[in-house]
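The structure displayed is predicted, hence computed values, not measured ones.
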Amino acid sequence: MELSISFTGDVSKYVQIYDELKQAILRKKLLAHEQLPSKRTLAKTLDVSVHTIKEAYEQLLAEGYIYSKERSGYFIAPFEFEWGQQLKQHTYASSIPIVDNIKFDFNNGHVDKEAFPISIWHRLLKKHFNVNNLTTSSWQGEVILRMEIARYVERSRGVACEASQVFVYSGTQSQLQALCHFLGPKTHVGLEEPGFKRIRATLQQCGLTTHAIPVDNSGVTIPKKSIHMLYTTPAHQFPLGMVMPVERRVALLQWATSENAYIFEDDYDSEFRYKGLPIPSLAKMDQLQRVIYSGTFSKTLIPSLRISYMILPKSLVEDFILFNQEQKSVVSKIDQLALADFIAQGLFDKHLAKMRTIYRKKQQTLLAAINANFSEEFEVVGEKSGLHIVVKLPKRLSEQDAINLAREVGIKVYPCSTSYQKNTKHAMVLIGYGGLTFEQIKEGIALLGAVWQSFTPH
């Protein structure tokens with residue numbers, strides 16, 4: 001048998017020998033009951049150790065590709081069926097890097113990484129990374145973290161609840177999936193129009209019927225359709241950024257009570273408000289009677305932490321727990337314990353205060369740069385809170401043209417049209433600023449101004 005292998009340094013030699021033999025067997029270059037060379041002979045042929053050949057043969061033997069006869073050696077195993085799969089040729093990843101000319105990414109999901117207290121977080125992770133914490137958490141989340149979240153939402157948002165009402169998840173989408181399964185496929189859900197496209201996708205993937213509920217200058221309007229739940233972002237409507245006034249909040253709660261419906265309040269970045277007095281959350285106003293309250297640590301800490309929470313009305317808790325009793329936690333126990341410590345020691349409140357100052361200054365820098373580089377035909381909306389703004393484009397500039405022009409000068413901005421279920425009247429782009437430095441914001445907006453201002457349609 002001839003076997004020639006050009007060994008590469010990336011993979012163990014025995015693995016490469018095993019793989020070559022396996023492929024030869026599958027392609028029937030080696031036939032059933034054909035004898036393989038002895039370990040010593042093949043080792044000499046390939047200039048490797050006998051031990052290397054032994055490991056390759058033992059792996060093939062374990063997977064049933066060959067069989068052995070005592071004192072006779074190794075033989076190709078017979079197959080009683082044809083392999084139906086298309087055999088893939090081995091391809092090795094190109095060493096040529098993919099060129100990405102993006103210099104400034106104005107992504108609304110990015111945060112200031114440099115401001116994250118990484119040394120403190122590392123200390124807390126090290127504290128909890130021990131043999132006692134190698135098991136998974138309760139599916140509902142660590143009790144200590146749920147207690148800290150309950151205390152936090154009461155002091156920060158005025159929402160009084162017990163730890164038993166708090167459920168810890170790995171993001172808003174995962175908790176919505178759990179809620180969808182609990183509510184059942186016959187549930188009809190109202191979604192803001194425009195709104196979070198990922199929320200719409202999650203609900204539809206779970207089989208629920210969704211209805212587009214228009215927003216106006218006060219946020220989502222009172223639903224006219226018969227629905228069981230309304231998803232809304234009252235503190236900072238996504239993507240348009242308006243803050244829902246108290247009058248609209250009261251009207252929504254009255255609607256929910258009269259319709260026996262629930263409101264899912266996504267408070268995804270309410271911690272960052274820059275203008276006007278704080279407006280009480282829907283959950284505070286009705287104290288979790290018809291409101292399901294949702295929060296996340298993706299904006300306040302880092303997105304990769306993947307910890308969010310959902311707070312249910314007491315009337316739903318028992319049934320929700322019973323429905324999910326066979327579930328397992330979807331969040332790292334060690335991360336949960338570290339976060340609980342971070343909140344309990346007052347470090348979270350301290351971090352939030354610092355980030356509010358940083359993001360307020362970044363937004364001021366952004367707005368000043370827009371004012372300096374853009375004419376009045378470009379309108380900024382949604383600047384009262386959060387980590388993004390929306391820019392309404394002049395009629396001469398389409399959304400796609402704006403995005404393409406930005407990319408040509410190394411800048412990434414994002415469409416608003418994907419947030420709509422129906423067509424939008426205005427061309428708009430979404431600009432996030434949390435993850436960029438002050439200088440990057442200034443330079444990026446100057447570049448955008450140069451290409452957008454000078455653009456004329458063909």
Go through the side-chain N and O atoms of Glu63 and Gln59 and say whether any donor and acceptor fall under 3.5 Å apart. yes
Any donor and acceptor pair, going by atom type alone, linking the side chain of Gln336 with main-chain N or O of Gly141 inside 3.5 Å? no
Between Tyr309 and Phe297 (judged by ring centroids, cut-off 6.0 Å), do the two rings come close enough to count as a pair? yes
Can you check whether Gly158's main-chain N or O pairs, donor with acceptor, with Gln287's side chain at less than 3.5 Å? yes
Are the charged groups of Lys442 and Glu439 less than 4.0 angstrom apart, N to O? yes
Would you please say whether a donor-acceptor pair under 3.5 Å links the side chains of Ser156 and Glu271? no
Quick one about Gln175 and Ser294 (side-chain donor to acceptor, distance below 3.5 Å, no hydrogens or angles considered), yes or no? yes
Please check if the side chain of Lys284 supplies one atom and the backbone of Arg157 the other of a donor-acceptor pair under 3.5 Å. no
Donor-acceptor contact present, side-chain Glu265 to main-chain Pro234, <3.5 Å: no
With the side chain counted from C-beta on, respond yes when His228 and Tyr262 share a heavy-atom pair under 4.5 Å apart, and no when they do not. no
Is the closest side-chain donor-acceptor distance between Asp269 and His388 under 3.5 Å? no
Identify whether the distance between the nearest side-chain nitrogen and carboxylate oxygen of Arg396 and Glu377 falls below 4.0 Å. yes
Hey, can you tell me if Phe320 and Trp139 have their rings parallel, tilted or perpendicular (30° and 60° cut-offs)? tilted
Using ring centroids (six-membered ring only for Trp), state whether Phe272 and His236 fall under 6.0 Å. no
